[in-house]
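Before any comments, here is the structure.
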Amino acid sequence: MCVGRVVEKSAGLKRALLDQSLSSGIGNIYADEALYLVQLHYARPTETLTRKEVSRVYQAAEQVMTLALAQGGTSFDALYVNVNGESGYFDRSLNVYGRAGEACYRCLESGVESLITRRKFMNRSSYYCPRCQPVPRRARW
Ligand SMILES: [Zn+2]
């Protein structure tokens, strides 16, 4: 994947991740999970990211996708439902996606209860922890 192009195009981080022209098929769930891993908010303006942060995002996305495939996820996009219409095993290991109103695991580990937030995003949903993935200044929704 081309790290440089994401940095050069000014957009919200998740929008850039989902943009097929910038990266190959990082799905909505995978994007949320990857951003959670690297503790970045999805509305972070891409032009404020360092190259190191960008490569951490991609490493995390790769990690999440590898895990998903290993656990029976079949699609890189949207639905963690396999060809038989059954839910893949992957949904059991999600850290943030689909957990609105539940406590963030990472914050819980440090003794703080922070509830996962869900926001509408491009006709879908975005999930994040408001404490360890705070909304950035000049957020690009
Ligand atoms: Zn948290």
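Please read all numbers here as calculations on a predicted model, not as lab measurements.
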Counting the benzene-type ring for Trp, do Tyr42 and Phe121 have ring centres under 6.0 Å apart?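 Tyr42 vs Phe121: aromatic centres under 6.0 Å.
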
Enter the distance from [X]:[atom1] to [Y]:[atom2] here, rounded to the nearest 0.5 Å.
| X | Y | atom1 | atom2 | value |
| --- | --- | --- | --- | --- |
| Leu67 | Glu62 | CG | CD | 13.0 Å |
| Cys107 | Leu115 | SG | CG | 10.0 Å |
| Ser125 | Tyr97 | OG | OH | 5.5 Å |

Looking only at atom types and distance, does a side-chain atom of [X] sit under 3.5 Å from a main-chain N or O of [Y], one as donor and one as acceptor?
| X | Y | value |
| --- | --- | --- |
| Thr46 | Gly12 | no |
| Arg119 | Ser126 | no |
| Glu53 | Thr50 | yes |

So, using salt bridge (charged side-chain N to carboxylate O under 4.0 Å, His left out) as the criterion, who are the partners of Arg131 when residues are at least two apart?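 Applying salt bridge (charged side-chain N to carboxylate O under 4.0 Å, His left out) to Arg131 gives none.
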
Taking it one step at a time, do Leu17 and Tyr58 satisfy side-chain contact (heavy atoms from CB on, under 4.5 Å)? CA-CA 9 Å; Leu17 279 173; Tyr58 279 124; 4.0 Å; yes

With the 4.5 Å side-chain cut-off for hydrophobic clustering, are Met122 and Leu40 part of the same group?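 Yes: a chain of side-chain contacts under 4.5 Å links Met122 to Leu40.
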
Glu47 and Arg138 ion-paired at < 4.0 Å: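 Judged by the 4.0 Å cut-off on N to carboxylate O distance, Glu47 and Arg138 do not form a salt bridge.
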
Tell me which pairs pass salt bridge (charged side-chain N to carboxylate O under 4.0 Å, His left out) where either residue lies in residues 96-117, with sequence neighbours left out.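 Qualifying pairs, neighbours excluded: Arg99-Glu102.
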
